[in-house]
Amino acid sequence: MTEFEEMYRRHYAQMYRLARVMLYDPQESKDVVSDVFARLLRDGRIPAKEKTEGYLMTAVRNRCRDVLAHKSVRKRVEKLFLQDSTYISSSSDDDRLERLMQFIDAELSPLSQQIFRLRFLREMTYEEVAQQMGVSKVTVYNHLSHSLRRIREHFKTSKR
């Protein structure tokens with residue numbers, strides 16, 4: 001048995017329990033634990049034995065936080081564009097999406113546009129967006145918050 005397999009067998013159940021406590025969803029919990037192990041395999045980094053448990057539990061906790069943050073932002077976007085359909089009366093979802101994308105292209109900075117697309121169209125985590133863009137997670141959060149605020153204001157005023 002390889003060192004990775006041993007680590008997987010020893011820590012999987014504990015990691016899964018932590019994810020379940022945080023996410024309340026068995027499938028998402030399995031996905032989070034799998035993501036953590038997949039990232040370790042991809043990066044080729046296996047933590048030192050004395051630090052393995054702490055490292056893995058922290059990785060699961062951070063990944064769960066990313067999932068929860070993603071859900072929160074996704075819910076806000078869905079509420080803004082799907083549930084509050086009064087801003088474009090009798091338009092299809094495709095029309096709404098097209099208007100949204102036109103607004104993004106015309107009104108947001110190139111960096112905000114790229115961050116928005118990576119986060120919502122490619123469904124990357126804040127951390128993944130930050131790594132790809134070479135910026136901090138705080139910068140990603142700030143750009144997304146500013147973008148969502150501008151989008152909300154624009155579509156609120158255009159529904160009047």
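Hydrogens, waters and symmetry mates are skipped; everything else that's a heavy atom, side chains included, is used.
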Hey, what do you get for NE2 (H143) to CG (L108), rounding to the nearest 0.5 Å? 10.5 Å
Which pair of non-hydrogen atoms, one from C64 and one from V32, has the smallest distance, and what is that distance? SG-CG1, 3.9 Å
Nearest heavy-atom neighbours spanning E107 and R150: O-NH1, 2.7 Å
Does Y55 have any ring-ring contact (aromatic ring centres under 6.0 Å, His included) partners at least two apart in sequence or in another chain, and if so, which? none
R10: partners by side-chain hydrogen bond (donor to acceptor under 3.5 Å, both in side chains), with sequence neighbours left out: E6
Would you please classify the geometry between the F37 ring and the Y12 ring as parallel, tilted or perpendicular, with 30° and 60° separating the classes? parallel
So, for F116 and I104, which heavy atoms are closest and what is the spacing to 0.1 Å? CE2-CD1, 3.2 Å
Using a 4.5 Å cut-off on heavy atoms from C-beta on, say whether the side chain of L40 contacts that of L56. yes
Just to verify, what does R20 make a side-chain contact (heavy atoms from CB on, under 4.5 Å) with, not counting sequence neighbours? Y16, P26, S29
Hey, are the side chains of T125 and V129 touching, using non-hydrogen atoms and a 4.5 Å cut-off? no
NZ/NE/NH1/NH2 to OD/OE distance under 4.0 Å, E128 and R39: yes
Partners meeting side-chain hydrogen bond (donor to acceptor under 3.5 Å, both in side chains) with D25 (sequence neighbours left out): none
Side-chain donor or acceptor of S145 paired with backbone N/O of Y141 under 3.5 Å: yes
About how many Å separate CG of D35 and CZ of R42, when rounded to the nearest 0.5 Å? 9.0 Å
CD1 (I115) and CD (Q132) are apart, to the nearest 0.5 Å, by 11.0 Å
Apply side-chain hydrogen bond (donor to acceptor under 3.5 Å, both in side chains) to E53 and list each qualifying residue two or more places apart in sequence or on a separate chain. Q14
Are D105 and R117 close enough for a salt bridge, meaning some N to O gap below 4.0 Å? yes
If you take all heavy atoms of R65 and M22, which pair is closest and at what distance? CG-CE, 4.1 Å
Report yes if some heavy atom in the side chain of I151 is under 4.5 Å from a heavy atom in the side chain of H154; otherwise report no. no
From CG (L41) to OH (Y8), nearest 0.5 Å: 10.5 Å
S109: which residues meet the side-chain hydrogen bond (donor to acceptor under 3.5 Å, both in side chains) condition with it, sequence neighbours left out? S112
Side-chain touch M15/V36, heavy atoms, less than 4.5 angstrom: yes
